[in-house]
Amino acid sequence: MIALITGITGQDGSYLAEALLEKGYDVHGVVRRSSVEKFDRISHLKDRVTLHQADLLDQLSLIRVLERVGPREVYNLAAQSFVPTSWEQPLLTGEFTALGVARMLEGIRAVDDTMRFYQASSSEMFGKVRETPQTEDTPFYPRSPYGVAKVYGHFITVNYRESYDLFAASGILFNHESPRRGREFVTRKVSWETARIHHGLADRLPMGNLAAERDWGFAGDYVEAMWLMLQTETPEDYVIGTGVTHSVQRLIEIAFDEIGRDWRDYVEQDPAFLRPAEVERLCADPSKARRQLGWRPRMSFEELIRLMVRADIERVGRGTRA
């Protein structure tokens with residue numbers, strides 16, 4: 001079994017690579033050429049995976065990798081995935097997060113249309129939600145350039161499935177976090193700054209909208225759902241989440257409880273961290289995934305946040321910046 005992962009150096013890519021290796025896969029990853037290579041999340045896997053240079057902006061490079069590797073399964077996890085950056089770089093976000101999906105699908109169609117394709121869709125597509133909780137049939141109303149780009153990527157996957165009979169499935173994943181999450185994301189920002197406060201290296205935590213609610217789960221659980229989607233007889237789209245929401249304030253409360261501090265002594269609301277168009281509440285209905293895939297999340301929200309804080313306390317103590 002051969003798998004190709006775009007975005008293998010990211011949070012999800014690293015957990016997925018681990019999971020596939022445990023299942024006996026020959027795992028290959030796509031990485032972009034850069035002057036500074038950042039393979040921190042997969043450093044422990046470097047001898048067990050094969051990396052290939054290619055770029056979602058370069059159609060020919062994708063085709064060459066697909067021809068060289070000949071994967072049975074392709075997991076497209078690469079994207080410009082940070083929502084605030086999508087307002088600063090909306091065109092680049094569209095090129096990577098939207099058109100990059102079409103380039104991958106065209107590459108598969110040109111090289112071997114029997115390859116199975118997974119597209120990383122996002123709960124940000126729901127945006128200004130039309131119903132709660134959100135299911136596979138909930139209309140999309142994205143509230144950021146990132147969300148808009150993800151809607152394109154989602155529907156081009158559906159279109160290629162229906163037009164060319166490709167095995168192409170999308171996972172509409174709600175927020176999923178881990179100690180490997182980038183420090184620009186709110187959960188990791190909170191865990192990192194909480195750890196710095198614990199070590200006496202900081203005395204404040206500037207935040208945006210504390211009332212925003214998200215359905216947060218553990219990334220290590222969610223990559224199993226990706227794999228399950230490509231093992232079915234018929235490709236479909238699935239909402240993946242816990243079905244439970246928590247506010248940003250609750251996230252902060254748990255983080256500071258882990259270090260025995262009162263969060264109100266450190267947290268300050270800063271308008272600079274407010275979105276131009278806020279998404280107030282996202283909540284998954286993962287019943288289809290439970291019913292058809294047998295998938296359920298294992299780690300609770302509180303366990304997840306405490307795990308992240310403990311990991312960052314250790315990192316800060318070692319002087320590590322990951």
If you round to the nearest 0.5 Å, how far is CD of Glu213 from CD of Gln249? 10.5 Å

If we ignore angles and hydrogens, is there a donor and acceptor under 3.5 Å between the side chains of [X] and [Y]?
X      : Y      : result
Asp137 : Thr135 : no
Thr93  : Gln80  : yes
Arg181 : Thr187 : no
Glu95  : Gln89  : no
Tyr160 : Arg109 : no

Mind checking whether Phe140 and Phe155 have ring centres under 6.0 Å apart? yes

I'd like to know if the side chain of [X] and the backbone of [Y] have a donor-acceptor N/O pair within less than 3.5 Å.
X      : Y      : result
Thr245 : Cys283 : no
Thr6   : Ala78  : yes
Lys150 : Ile172 : no
Asp215 : Ala284 : yes

Between the side chains of [Y] and [X], is the shortest nitrogen-to-carboxylate-oxygen separation below 4.0 Å, so that they form an ion pair?
X      : Y      : answer
Glu236 : Lys288 : yes
Arg103 : Glu106 : no
Glu224 : Lys23  : yes
Arg196 : Glu193 : yes
Arg161 : Asp237 : yes
Arg318 : Glu314 : yes

According to the interplanar angle, ranging from 0 to 90°, do the rings of His246 and Phe301 count as parallel (below 30°), tilted (30 to 60°) or perpendicular (above 60°)? parallel

Which class fits the ring pair Trp295 and Tyr222: parallel under 30°, tilted 30 to 60°, perpendicular over 60°? perpendicular

Regarding Arg116 and the six-membered ring of Phe167, is the cationic atom NZ or CZ under 6.0 Å from the ring centre and inside 45° of its axis? yes

Nearest heavy atoms of Ala54 and Leu62, plus distance in Å: CB-CD2, 4.2 Å

